[in-house]
Amino acid sequence: MLAKRKNSQKVAIIIVVPSIIVVLSAIALWYLCSRRTTKETERIDEIYGIQSVESFRFHISTIRAATNNFSNANKLGEGGFGSVYKGTLADAQEIAVKRLSRKSGQGEAEFKNEVVLLVRLQHKNLVRLLGFCLDAEERLLIYNFMPNSSLDRIIFDSVKRTCLDWGKRYNIIGGIARGVLYLHEDSRLKIIHRDLKASNILLDVDMNPKVSDFGMARLFAVDQTQAMTTRIVGTYGYMAPEYAMHGQFSDKSDVFSFGVLVLEILSGKKNNSFNESEVSGDLVSHAWRHWKKGTALDLLDSVLKDSYSESEVMRCIHIGLLCVQENAADRPTMASIVLMLNNYSTSLPVPLVPAFFVPAEEYRIIFRESKDLPSVSTSKSGDSVDEASLTELHPR
């Protein structure tokens, strides 16, 4: 009997002890993993400096569910820093998810820039950041979904731009101006956007503009007027001359880009869409020639016909040309521009010759000579030079 009892105890020990060891090992493994995850999260937060915006953080599973695991059916578009997807949250709210490409060398800096800036900026003419997601492999930015996409997809489309009557276009111009003014002067920060262009203006359901894409933006001190860089980023056709050639940027650099935008909204044409024309050259030069000849109204998009305010159109052309003057000091501030758009008793100075202006005769000579040269392709089929973001253009 005693022998039986001892055997039973031995069996119990043989069964129980390994079980306890397995349980303790599992607990230890869970603890180590959780500590590792916590440390990784703390490390990421430390890198991005966004510990104070935890309430903006989304879990990766939430975004995967919202976008159907980033399905191609939900893909809205693709840019230099990754793809954008439409998603729907559990509460039926529609979102746009910017998914940073793992191959993008600039993605980390852009991600931090957008999160840190946008959580501190609130204006009706700036895109609203709903949150972000930091995962071991994913860097995601979550915004309100804009049903009318970006301005370039409408204003440069021969069919879609017919829905933009003069009233809507004037409202878009004014909204962009107020959004940029907020960045320059009215927020707690002083921010230079550095990449204002039609594709970075989003349109809500009522065609109200929202300035977006703050990955290139730079924070200025309150009393700072300009900065220098040897790494120029931006888009051909929108960059001010002092920035493109010497790496100098300021609020007046954004003003130049705004002026190009105004002329594009008025005409429905891209700044460089005249490159194949022997007569006109770029849109800015084209606008200047019409202004000097007294035929500025010929710039206006033909789809508007007679349904526009001549005084408003002429004022906008005038403002656009003031913004693209070669000397940054001659360009108005965004505060002055907003005042010019809203107060018709404000007198406007006479614009001087715009930057990069090529006289018509000189342009015809260049055009004829270029036709005699062998063509050289520097981009893949379908690529557009004016949409290419510059990353390593060194100033002369």
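Since we're looking at a predicted model, the values are computed, not measured. FYI, the numbering just counts along the sequence from 1.
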Students often mix this up, so state it plainly: with edges at 30° and 60°, are the rings of Phe220 and Phe249 parallel, tilted or perpendicular? tilted
When you compare the side chain of Asn148 with that of Asp204, does any pair of heavy atoms fall below 4.5 Å? no
Hydrophobic clusters here meaning ILVMFWY residues chained together by side-chain heavy-atom distances under 4.5 Å, can you tell me if Val260 and Val353 are in one? yes
So which heavy atom on Ile337 is nearest to which on Ala177, and how close? CG2-CB, 4.4 Å
Partner residues of Thr162 under the side chain to side chain contact (heavy atoms under 4.5 Å, CB included) criterion, sequence neighbours left out: Val303
Step through the shown structure and confirm whether more than 12 heavy atoms of other residues, nucleotides or ligands are within 6.0 Å of CZ on Arg315. yes
Treating Ile, Leu, Val, Met, Phe, Trp and Tyr as nodes and any side-chain heavy-atom pair under 4.5 angstrom as an edge, say whether Ile155 and Tyr308 lie in one connected cluster. yes
CD-OG1 distance between Gln248 and Thr229, expressed to the nearest 0.5 angstrom: 11.5 Å
Apply side chain to side chain contact (heavy atoms under 4.5 Å, CB included) to the pair Thr88 and Ile95, showing each step before the final yes or no. CA-CA 6 Å; Thr88 306; Ile95 58 173; over 6 Å; no
So does Asn272 get a backbone contact from the side chain of Asp282, meaning a donor-acceptor N/O pair under 3.5 Å? no
Under 30°, 30 to 60°, or over 60°: which ring-plane class applies to His123 and Tyr182, parallel, tilted or perpendicular? tilted
All side chain to side chain contact (heavy atoms under 4.5 Å, CB included) counterparts of Asn72, not counting sequence neighbours: Lys75
Before you tell me yes or no, could you show the steps for Lys86 and Glu94 under salt bridge (Lys or Arg N to Asp or Glu O under 4.0 Å), namely the whole-Å CA-CA distance, both residues' side-chain angles and the distance that decides it to 0.1 Å? CA-CA 7 Å; Lys86 181 181 179 181; Glu94 292 185 321; 3.1 Å; yes
Keeping Thr67 on the side-chain end and Ile63 on the backbone end, is there a donor-acceptor pair under 3.5 Å? yes
What do you reckon, is CG of Asp91 surrounded by more than 12 foreign heavy atoms closer than 6.0 Å? yes
Applying salt bridge (Lys or Arg N to Asp or Glu O under 4.0 Å), run through Glu138 and Arg64 and close with a yes or a no. CA-CA 11 Å; Glu138 297 284 3; Arg64 288 192 183 280; 3.6 Å; yes
Between Arg194 and Met216, is there a donor-acceptor pair closer than 3.5 Å when you use the side chain of the first and the backbone of the second? yes
Has the side chain of Arg57 got a donor or acceptor atom that lies under 3.5 Å from a matching backbone atom of Cys133? no
Which pairs count as side-chain hydrogen bond (donor to acceptor under 3.5 Å, both in side chains) when at least one residue sits in residues 163-176, sequence neighbours excluded? Trp166-Glu312, Arg169-Asp301, Tyr170-Tyr344, Asn171-Asn208
When hydrophobic residues are tied together by side-chain contacts of less than 4.5 Å, even through go-betweens, does Met207 share a cluster with Leu76? no
Neighbour count >12 (heavy atoms, 6.0 Å) for atom CZ, Arg161: yes
Could you tell me whether the side chains of Asp254 and Ser257 share a donor-acceptor contact shorter than 3.5 Å? no
To the nearest 0.5 Å, how far apart are CG in Leu263 and CG in Leu321? 5.5 Å
Polar side chain donor-acceptor pair, Asn327 to Glu242, under 3.5 angstrom: no
Trace of the side chain to side chain contact (heavy atoms under 4.5 Å, CB included) decision for Thr333 with Leu181: CA-CA 8 Å; Thr333 63; Leu181 172 60; over 6 Å; no
Hey, what do you get for CZ (Arg218) to OG (Ser250), rounding to the nearest 0.5 Å? 12.5 Å
Under the 3.5 angstrom rule, does the side chain of Thr235 hit a backbone N or O of Tyr238 as a donor-acceptor pair? no
Is His193 reaching over with its side chain to a backbone N or O of His184, donor-acceptor style, under 3.5 angstrom? no
Enter the distance from Leu126:CG to Gln122:CD here, rounded to the nearest 0.5 Å. 8.5 Å
Closest approach of Arg331 and Ala240, non-hydrogen atoms and distance? NH1-CB, 3.8 Å
Rounded to the nearest 0.5 Å, how far apart are OG of Ser212 and CG of Leu202? 4.0 Å
Tell me the closest heavy-atom pair linking Ala198 and Glu264, and the distance in Å. CB-OE1, 4.2 Å
What are the two closest non-hydrogen atoms of Gly77 and Arg153, and how far apart are they? CA-NH2, 3.9 Å
For a 4.5 angstrom cut-off between non-hydrogen side-chain atoms, does Val211 reach Ile201? yes
Leu304 and Met314: same hydrophobic cluster, using ILVMFWY side-chain contacts below 4.5 Å? yes
Does any part of the side chain of Leu283, heavy atoms only, come nearer than 4.5 Å to the side chain of Ser267, both counted from C-beta? yes
Decide yes or no for Leu297 and Glu310: does some side-chain heavy atom of the first lie under 4.5 Å from some side-chain heavy atom of the second? yes
For Gly237, does its backbone N or O pair with a side-chain atom of Asn271 as donor and acceptor, under 3.5 Å? yes
Can you confirm whether Gln93 sits close enough to Leu130 that some side-chain heavy atom of one is under 4.5 Å from a side-chain heavy atom of the other? yes
Is there a side-chain contact between Leu348 and Ile319 (heavy atoms, below 4.5 Å)? yes
Examine distances only and state if a side-chain atom of Asn200 and a backbone atom of Asp195 form a donor-acceptor pair shorter than 3.5 Å. yes
Report yes or no: do Phe145 and Ile154 belong to one cluster of Ile/Leu/Val/Met/Phe/Trp/Tyr joined by side chain heavy-atom distances under 4.5 Å? no
Between Arg139 (side chain) and Asp135 (backbone), is there a donor-acceptor pair under 3.5 Å? yes
For Tyr243 versus Ser253, what's the shortest heavy-atom pair and its separation? CB-OG, 4.5 Å
Check the pair Lys210, Tyr143 against side chain to side chain contact (heavy atoms under 4.5 Å, CB included), reporting the backbone distance first and the verdict last. CA-CA 11 Å; Lys210 313 282 184 179; Tyr143 304 95; over 6 Å; no
Please check if the side chain of Arg99 supplies one atom and the backbone of Ser83 the other of a donor-acceptor pair under 3.5 Å. no
Report the C-alpha separation of Leu141 and Val97 in whole Å, then their side-chain angles, then the decisive distance to 0.1 Å, and conclude whether the side chain to side chain contact (heavy atoms under 4.5 Å, CB included) test is met. CA-CA 6 Å; Leu141 294 164; Val97 180; over 6 Å; no
Check whether the ring centres of Phe56 and Phe132 lie less than 6.0 Å apart, and answer yes or no. no
What distance separates Leu203 CG from Ile172 CD1, expressed to the nearest 0.5 Å? 5.0 Å
Distance-minimising heavy-atom pair for Ser285 and Phe356: OG-O, 3.9 Å
